[in-house]
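This report refers to the structure that appears directly beneath it.
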Amino acid sequence: MSKNDNQQEKPDAQEASSRIFTIPNFISFVRLCLVPVFLVLLFSGHNLMATFLFALAAGTDWVDGQIARRTNSVSKLGQLLDPAVDRILMIAGVAGLFFVGRLPLWIIAVVLVRDLLLLVGGAVLIKRYRIRVPVVYVGKVATTLLFVGFAGLLLNWPLIAGLGVVDVSWLPGFSGETYSWGIWFVYVGIVLALVTTVHYAASAVAQVRAAVRTSESAPAEQR
């Protein structure tokens, strides 16, 4: 898909322009620049400031989507840049949390593999087939829940007691140890994200098959 889960639903109802210097694109670029600053703050132990920057970078995705729609400034660059920045921010968030010991490896693997598949798969679909998979609302909710959960883990406060139903460290929140409230948002977000990934994959396959059939049925001079 070319516009990520956090994007406004159906933004491509407007004709995308070839403009580069737009306010939404500028916001996306600023969000990209915040990523290394966020990582430096996190690794330096400044949890509050790192959480603030992460929340700011994640929240402004909604802002640039609103501006793009309301000012008729949807651009082709923005349709590529905005989801790419979201994926980079998501990857930076989970990688940072892993290195500071607040996320188990399996959650990192699920989030990173999914995001890389969406990023690479979306680019291939656009370049080879000129296909964009429409965003679904559940996908937007999934990304929002993940961002909220990661922000809670970054802040690392307040800590709450686990359910105590298992005695394994790789299921934080289900063990008896105290953990950040954000882990529950992460769990729900992962479930919804996997559901939407299956939907996106099925939609992409259907569109590719339709494009191939159209190409094969077209007259030779139009191929």
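If you're wondering where the values come from, they're calculated on a predicted model, not measured in any experiment.
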Set of side chain to side chain contact (heavy atoms under 4.5 Å, CB included) partners for Ile23, sequence neighbours left out
Ile27, Ile67

Does Val188 have any side chain to side chain contact (heavy atoms under 4.5 Å, CB included) partners at least two apart in sequence or in another chain, and if so, which?
Leu145, Leu192

Return each pair, listed once, that meets salt bridge (charged side-chain N to carboxylate O under 4.0 Å, His left out) where at least one residue sits in residues 168-188; pairs must be two or more places apart or across chains.
none

Using a side-chain heavy atom cutoff under 4.5 Å and only I, L, V, M, F, W and Y, what cluster partners does [X] have?
| X | answer |
| --- | --- |
| Leu117 | Val113 |
| Val205 | none |
| Val198 | none |
| Val195 | none |

For Tyr187, ring pair (Phe, Tyr, Trp, His ring centres under 6.0 Å) partners two or more places apart:
Phe174, Trp184

Ring pair (Phe, Tyr, Trp, His ring centres under 6.0 Å) partners for Tyr179, two or more places apart
none

What donor-acceptor contacts under 3.5 angstrom involve side-chain atoms of residues 29-44, with partners at least two apart or in another chain?
from, atom 1, to, atom 2, distance (Å)
Arg31, NE, Ala57, O, 2.7
Arg31, NH1, Asp82, OD1, 3.0
Arg31, NH2, Asp86, OD1, 2.2
Ser44, OG, Val40, O, 2.7

First locate atom CG of Asp115, then atom CG of Leu119, and finally report the distance between them rounded to the nearest 0.5 Å.
8.0 Å

Kindly say whether Asn25 contributes a backbone atom to a donor-acceptor pair with the side chain of Thr22 at under 3.5 angstrom?
yes

Restricting to pairs with a member in residues 92-106, which pass side chain to side chain donor-acceptor pair (under 3.5 Å), not counting sequence neighbours?
Asn47-Arg102

Return a table of donor-acceptor pairs under 3.5 angstrom between the side chains of residues 147-172 and protein atoms on other chains or two or more places apart.
none

